[in-house]
Amino acid sequence: MPRPRRRLPVVVIATLLSVGVAAPGAAADAPLDLFRQTVARYRDDATRAATTHTASQDEALLDGVDRCLVLVGPVCPVRDVVTGVMLLTDLADAGFGDSERRGRTLLAGALRLGDFLRSRPQLRDGVDPEFLPRWFAHAGRFLTAQRLLPDARAAIDRALRDFPSSVDLRVARGLTYEMPAYWDTANYRGTRATLGVALGEYEQAARTHPSAFEPRLRLAWLRDVLRDRRAPDDAASVLTGGADADTIYLAHLLLAGFAERRGDAAVALAEYARAQESGPHYKAACIGLSRMQELAGQTAAAAATAADCLQRHERTELIDPWLDIRIGLTPQARVHWLRREARRP
């Protein structure tokens, strides 16, 4: 004989409804609340959100990430997922300063959010189509700078399957082969092999995106490393029109370095001057120009240039784009674009 079903007293039913049907699990939404609150702070002030978050909150925040992915929709809007991608990336940047483990854990959270959006194109109607490929390229470059090459290549390759025409991803993939070559300069044969792979990636990017400037700058730098005489042509091709001031700065800086190494002091001096004109607040061109003035016997001019550059550099927090070339960092203009898109309501 079946047991009779027990009915809950009306007062109990009312109590459950007042706090939500899953009353015993209400505390489980605390991580989601933390995630959404941190996302809201990041939209208001990215720097403040990154600096007020503490390591003791990491676990709850990442639990909130997972809760959000389960409840995407009215409970956790897609825009929160988009914002969370850059929020967790910026937190990971600070996290690596504490420990590799913390940085990797936070970036893994960002990758979970990014992969969620990547695999669900139906949710990306309100997202700029360049956001995800550019972000995965940024994450890959970030991981490469931390020398986490398997993680970097895995993230980039996943994104390339969905965004095969992305120039940002193709350049980022090349960097995973170029940058390690500078870490192991004793392994010359291995270095040449990995640089060859990187060269192929940049050539493909330049071929499929002839109007893109970064592949040509990377080709110019790498071909000079490989003693390829086409390097100056690659750098000069960037100056044909349409480039922004930072790109023009880098092209002149590369041309100056090429001329200096082949002993053409007059051309080097002129190119360093043009680089300084395009990037007056950046240090690399100042140093080069002052050095070439000194070599040309312009001692007073060299001293004045050095003093002026030091004063200007002290008054700015701008990052010299030369680091993008030398270390493979994501250009700051692109990072700012990613933050603006992520923080958009």
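Quick caveat, the model's predicted, so the values are computed rather than measured. Computed from heavy atoms alone, side chains included, the values below leave out hydrogens, waters and symmetry copies. Heads up: numbering here begins at 1 and tracks the sequence.
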Any idea how Phe131 and Trp337 line up, ring-wise: parallel (<30°), tilted (30 to 60°), or perpendicular (>60°)?
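If you compare the ring of Phe131 with that of Trp337, the planes turn out tilted.
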If you define the side chain from C-beta out and look only at heavy atoms, does anything of [X] sit under 4.5 Å from [Y]?
X      : Y      : result
Thr330 : Phe142 : no
Gln298 : Leu269 : yes
Thr38  : Gln57  : no
Gln276 : Thr305 : yes
Pro133 : Asp168 : no
Tyr202 : Arg216 : no
Leu88  : Leu62  : yes
Val75  : Leu32  : yes

Among Glu277, Glu260, Gln293, which one satisfies side-chain hydrogen bond (donor to acceptor under 3.5 Å, both in side chains) with Tyr272?
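Output: one option passes, namely Glu260.
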Considering only NZ, NE, NH1 and NH2 on the basic side and carboxylate oxygens on the acidic side, decide whether [X] and [Y] come within less than 4.0 Å.
X      : Y      : value
Arg274 : Glu271 : yes
Lys283 : Asp320 : no
Glu178 : Arg218 : yes
Arg343 : Asp44  : no
Asp98  : Arg102 : yes

Applying side chain to side chain contact (heavy atoms under 4.5 Å, CB included) to Leu117 and Val78, what does each step give before you reach the verdict?
CA-CA 9 Å; Leu117 291 171; Val78 172; 4.0 Å; yes
Do Glu130 and Arg340 pass the salt bridge (Lys or Arg N to Asp or Glu O under 4.0 Å) test, and can you show the C-alpha distance, the side-chain angles, and the key distance before you say yes or no?
CA-CA 13 Å; Glu130 289 297 319; Arg340 283 195 304 272; over 6 Å; no
Atom of [X], atom of [Y] and distance for their closest heavy-atom approach:
X      : Y      : result
Ala198 : Gly174 : CB-O, 3.3 Å
Asp324 : Pro331 : OD2-CA, 3.3 Å
Gly140 : Ala152 : O-CB, 3.5 Å
Ala110 : Val85  : CB-O, 3.6 Å
Leu175 : Pro180 : O-CD, 3.8 Å
Ala243 : Ile248 : O-CD1, 3.6 Å

Membership question, hydrophobic clusters at under 4.5 Å side-chain separation (ILVMFWY): are [Y] and [X] in the same one?
X      : Y      : value
Leu255 : Leu226 : yes
Val65  : Val72  : yes
Leu106 : Val335 : no
Ile287 : Leu289 : no
Val267 : Val238 : no

Under the salt bridge (Lys or Arg N to Asp or Glu O under 4.0 Å) rule, what do Arg170 and Glu203 come out as? Steps first, then yes or no, please.
CA-CA 10 Å; Arg170 191 59 61 187; Glu203 286 174 338; over 6 Å; no
Any chance you could measure [X], atom [atom1], to [Y], atom [atom2], to the nearest 0.5 Å?
X      : Y      : atom1 : atom2 : result
Leu323 : Gln332 : CG    : CD    : 9.5 Å
Trp183 : Thr194 : CH2   : OG1   : 10.0 Å
Asp29  : Arg67  : CG    : CZ    : 4.5 Å
Leu87  : Arg339 : CG    : CZ    : 11.0 Å
Leu195 : Arg223 : CG    : CZ    : 13.0 Å
Leu61  : Leu34  : CG    : CG    : 5.0 Å

Within 45° cone of [Y] ring axis and under 6.0 Å: [X] NZ or CZ:
X      : Y      : value
Arg326 : Tyr182 : yes
Arg118 : Phe116 : no
Arg158 : Phe163 : no

Is [X] reaching over with its side chain to a backbone N or O of [Y], donor-acceptor style, under 3.5 angstrom?
X      : Y      : value
Thr299 : Glu294 : no
Arg147 : Thr144 : no
Thr240 : Ser237 : yes
Thr208 : Gln204 : yes
His209 : Ser165 : yes

From CA spacing to verdict: side chain to side chain contact (heavy atoms under 4.5 Å, CB included), Leu199, Tyr177:
CA-CA 9 Å; Leu199 194 68; Tyr177 291 94; over 6 Å; no
Please test Tyr249 against Tyr282 for side chain to side chain contact (heavy atoms under 4.5 Å, CB included), starting from the C-alpha separation and ending with a verdict.
CA-CA 9 Å; Tyr249 164 78; Tyr282 301 138; 3.3 Å; yes
I'd like to know whether Leu253 forms a side chain to side chain contact (heavy atoms under 4.5 Å, CB included) with Phe258, so could you lay out the CA-CA distance, the side-chain angles of the two residues, the decisive distance to 0.1 Å, and finally the verdict.
CA-CA 9 Å; Leu253 195 61; Phe258 300 159; over 6 Å; no
Atom CZ of Arg261: over 12 foreign heavy atoms under 6.0 Å
yes
Candidates Arg124, Arg334, Arg43, Arg79 - the one meeting salt bridge (charged side-chain N to carboxylate O under 4.0 Å, His left out) with Glu341:
Arg79
